[in-house]
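Every heavy atom of this structure was used, including side-chain atoms; hydrogens, water molecules and symmetry mates were not.
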Amino acid sequence: MRKIVLVAAAASALSLAACSETAETTEETADAMAADAEANADAMVEATDDATAEAADATEEAVDGAAEAAEEAAAEVTE
């Protein structure tokens, strides 16, 4: 009877150790996923900032071009 209790206790200890190891792995995985999500969010913000700056530059160039074209057209009309 004593051997059965010892075997049962050993099995419980092994399963507890396995659960502990699984919990540790799960925590590491969650930490890695959180770090990846943060890195992706940072990259997305940077890409959005870059795209916004490029769009602003293109808009400014288009407005400048339109203003020049309007000035040229006005100059031709007055000639």
Side-chain angles (χ1 to χ4, degrees):
M1 182 74 152
R2 190 173 182 186
K3 290 180 182 179
I4 294 173
V5 171
L6 289 175
V7 170
S12 294
L14 284 175
S15 65
L16 181 59
C19 288
S20 176
E21 198 172 304
T22 301
E24 207 172 285
T25 302
T26 302
E27 183 179 346
E28 290 171 2
T29 301
D31 289 345
M33 290 174 63
D36 286 346
E38 184 177 0
N40 289 338
D42 290 345
M44 189 182 301
V45 167
E46 186 176 332
T48 301
D49 288 347
D50 291 347
T52 301
E54 289 176 17
D57 290 344
T59 301
E60 185 178 354
E61 289 177 17
V63 169
D64 289 345
E68 288 176 17
E71 288 172 6
E72 289 174 8
E76 287 180 14
V77 170
T78 57
E79 290 178 2

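- Legend: residues meeting side chain to side chain contact (heavy atoms under 4.5 Å, CB included) with Thr52, ordered by chain and number and at least two apart, are Thr48.
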Using residues 29-42 as the side-chain source, report each donor-acceptor pair under 3.5 Å to any protein atom, sequence neighbours left out, with the distance given to one decimal.
unit_1, atom_1, unit_2, atom_2, d
Thr29, OG1, Thr25, O, 2.9
Asn40, ND2, Asp36, O, 3.3

Side-chain donor-acceptor contacts of residues 59-74 below 3.5 Å, not counting sequence neighbours, with atom names and distances?
unit_1, atom_1, unit_2, atom_2, d
Thr59, OG1, Ala55, O, 2.8

